[in-house]
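Working notes for the structure below.
Position 1 is the first residue of the sequence, and the numbers go up from there. Heavy-atom basis, side chains included; hydrogens, waters and symmetry copies ignored.
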Amino acid sequence: MPNRRNHPIFPTLNTQDTANRPKRLAVLLDPDHLTVARCQEILTLSHRHEVDFFFMGGSLISNPEQGSFVSYIKQHSSIPVILFPSSGLYIDAQADGMLLLSLISGRNPDLLIGQHVAAAPLLKSSGLPLYPTGYMLIDSGRQTTASYMSGTTPIPHDKPSIAACTALAGQMLGLQYMYLDGGSGAMYPVSAAMIQAVRQAVSVPIIVGGGVNTTEKAEAAWKAGADILVVGNHIEKSPQFISEVSEVKQRFNVVLPQE
């Protein structure tokens with residue numbers, strides 16, 4: 001059995017060569033909105049269309065069956081399952097890794113370090129590979145569950161310089177990934193201008209999610225500099241979107257022959 005601490009999930013993204021990193025696609029699975037039948041459908045489509053990761057979690061999880069879904073996916077899929085936790089309560093050693101989120105866009109100390117302190121012994125004993133991530137909530141036109149539950153104000157949609165400086169500070173503090181999130185049910189996605197500003201400010205991989213419900217929005221995010229694009233809410237309504245957004249990813253990852 002391979003050492004999961006060396007599992008080649010995110011390390012395949014070279015941290016320096018930002019221009020030539022492969023584009024990656026993650027499907028976000030929220031246990032509160034998931035059934036076994038829908039999970040089967042998403043697994044089938046995800047394998048067929050080369051989804052790279054499953055992110056498992058949400059801002060408010062009331063369904064106690066998250067562990068059952070992680071177990072089911074691990075039994076029926078080879079796609080890595082990465083936990084996207086709303087708190088330290090949702091640690092599951094069955095997963096392939098966890099985004100260790102620090103909400104650097106807000107000023108809530110509990111989500112900057114407080115919950116991490118409480119969870120640290122459990123995380124150590126779990127053996128889960130951890131991916132220290134600067135989590136940045138971006139205004140998406142309406143209050144989301146993430147902003148309400150965190151008690152924080154998102155970064156204004158039209159202030160890319162604030163996002164860039166926030167991400168830069170996070171990288172200077174040692175965070176290894178940046179996650180720009182418009183939140184579930186976003187009216188509009190993180191803007192290309194903001195993604196581009198963050199891309200110019202940091203060398204670490206950038207994860208972008210929220211409000212991506214068309215191939216045009218997916219293309220704009222990847223073109224602006226996103227390394228990993230996360231789709232979730234729209235997948236719950238239209239699972240076939242997986243095939244559409246995967247085609248966009250493949251176009252970015254085509255390796256042109258040398259002349």
Side-chain angles (χ1 to χ4, degrees), residues 23-87 90 92 94-96 98-99 101 135 137-150 154 179-190 207-222 226 228-249:
K23 302 301 184 182
R24 300 297 188 220
L25 175 61
V27 168
L28 175 60
L29 301 173
D30 186 336
D32 282 345
H33 303 151
L34 202 59
T35 64
V36 172
R38 179 49 57 91
C39 189
Q40 289 175 332
E41 182 180 14
I42 290 175
L43 288 184
T44 299
L45 288 167
S46 297
H47 275 275
R48 185 180 302 156
H49 299 290
E50 300 180 358
V51 165
D52 298 287
F53 319 113
F54 290 124
F55 285 1
M56 175 66 75
S59 300
L60 175 64
I61 299 178
S62 57
N63 186 342
E65 298 302 317
Q66 173 176 290
S68 298
F69 283 120
V70 173
S71 177
Y72 182 87
I73 294 170
K74 295 302 298 176
Q75 291 174 22
H76 296 87
S77 172
S78 59
I79 297 173
V81 179
I82 309 298
L83 300 180
F84 175 52
S86 57
S87 76
Y90 299 106
D92 192 325
Q94 301 175 90
D96 296 292
M98 188 176 95
L99 300 179
L101 302 174
Y135 188 53
L137 285 176
I138 312 299
D139 176 55
S140 64
R142 62 164 61 123
Q143 186 175 50
T144 63
T145 305
S147 62
Y148 179 82
M149 293 300 295
S150 66
Y179 194 146
L180 282 63
D181 193 7
S184 177
M187 290 180 63
Y188 39 77
V190 180
I207 307 167
V208 176
V212 179
N213 53 17
T214 68
T215 55
E216 290 78 14
K217 292 175 182 177
E219 183 171 3
W222 270 317
I228 301 173
L229 191 65
V230 183
V231 292
N233 191 255
H234 191 58
I235 295 297
E236 294 171 5
K237 303 172 185 176
S238 304
Q240 288 297 330
F241 184 60
I242 293 174
S243 65
E244 298 171 15
V245 74
S246 178
E247 289 181 6
V248 178
K249 183 192 78 167

Taking only residues two or more places apart in sequence or in another chain, which ones pass side chain to side chain contact (heavy atoms under 4.5 Å, CB included) with [X]?
X      : answer
Leu28  : Phe55, Phe84, Val230
Ser150 : Leu103, Leu111, Leu137, Thr152
Thr144 : Ser140, Ala146, Ser147

Once you round to the nearest 0.5 Å, how far does [atom1] of [X] lie from [atom2] of [Y]?
X      : Y      : atom1 : atom2 : result
Gln75  : Leu43  : CD    : CG    : 11.0 Å
His49  : Ile242 : NE2   : CD1   : 8.0 Å
Asp32  : Asp30  : CG    : CG    : 5.0 Å
Leu101 : Tyr179 : CG    : OH    : 8.5 Å

Would you indicate whether the side-chain heavy atoms of [Y] and [X] approach each other to under 4.5 Å?
X      : Y      : result
Leu25  : Ile228 : no
Phe54  : Ser46  : yes
Thr145 : Ser184 : no
Pro85  : Met56  : no
Val81  : Lys74  : yes
Asp181 : Ile138 : no

Notebook entry, point to check: What salt bridge (charged side-chain N to carboxylate O under 4.0 Å, His left out) pairs are there with at least one residue in residues 137-148, not counting sequence neighbours?
Noted result: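 Sorted pair list comes back empty.
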Check: Applying salt bridge (charged side-chain N to carboxylate O under 4.0 Å, His left out), which residue pairs with at least one partner in residues 237-249 are found, sequence neighbours left out?
Finding: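 Of all non-adjacent pairs touching residues 237-249, those that pass salt bridge (charged side-chain N to carboxylate O under 4.0 Å, His left out) are Asp52-Lys249.
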Considering all heavy atoms, the nearest [X]-[Y] contact:
X      : Y      : answer
Val70  : Ala95  : CG1-N, 4.0 Å
Ser71  : Gln94  : CB-OE1, 3.0 Å
Ala218 : Leu229 : CB-CD2, 3.5 Å

Notebook entry, point to check: Is Lys23 reaching over with its side chain to a backbone N or O of Trp222, donor-acceptor style, under 3.5 angstrom?
Noted result: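 Indeed, once roles are kept as given, a pair shorter than 3.5 Å links the two residues.
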Check: When you measure from the side chain of Tyr188 to the backbone N and O of Gly141, does any donor-acceptor pair fall under 3.5 Å?
Finding: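 Yes.
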Those residues that, when tested against [X], pass side chain to side chain donor-acceptor pair (under 3.5 Å) (two or more places apart):
X      : result
Glu219 : none
Glu41  : Arg38
Gln240 : none

Notebook entry, point to check: Should His47 and Ser77 be marked as a side chain to side chain contact (heavy atoms under 4.5 Å, CB included) after you check the CA-CA gap, both sets of side-chain angles, and the distance that decides it?
Noted result: CA-CA 8 Å; His47 275 275; Ser77 172; 2.8 Å; yes
Check: Who are the ring-ring contact (aromatic ring centres under 6.0 Å, His included) partners of His76, not counting sequence neighbours?
Finding: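 Per chain and number, His76 pairs via ring-ring contact (aromatic ring centres under 6.0 Å, His included) with Tyr72.
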Note to self: The criterion is ring-ring contact (aromatic ring centres under 6.0 Å, His included); which residues satisfy it with His234, sequence neighbours excluded?
What the structure shows: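 ring-ring contact (aromatic ring centres under 6.0 Å, His included) list for His234, sorted by chain: Phe241.
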Item checked: Test side chain to side chain contact (heavy atoms under 4.5 Å, CB included) applied to Ile207 and Leu180, step by step -> CA-CA 6 Å; Ile207 307 167; Leu180 282 63; over 6 Å; no
Item checked: Phe69/Leu29 under side chain to side chain contact (heavy atoms under 4.5 Å, CB included): CA gap, chis, key distance, verdict -> CA-CA 9 Å; Phe69 283 120; Leu29 301 173; over 6 Å; no
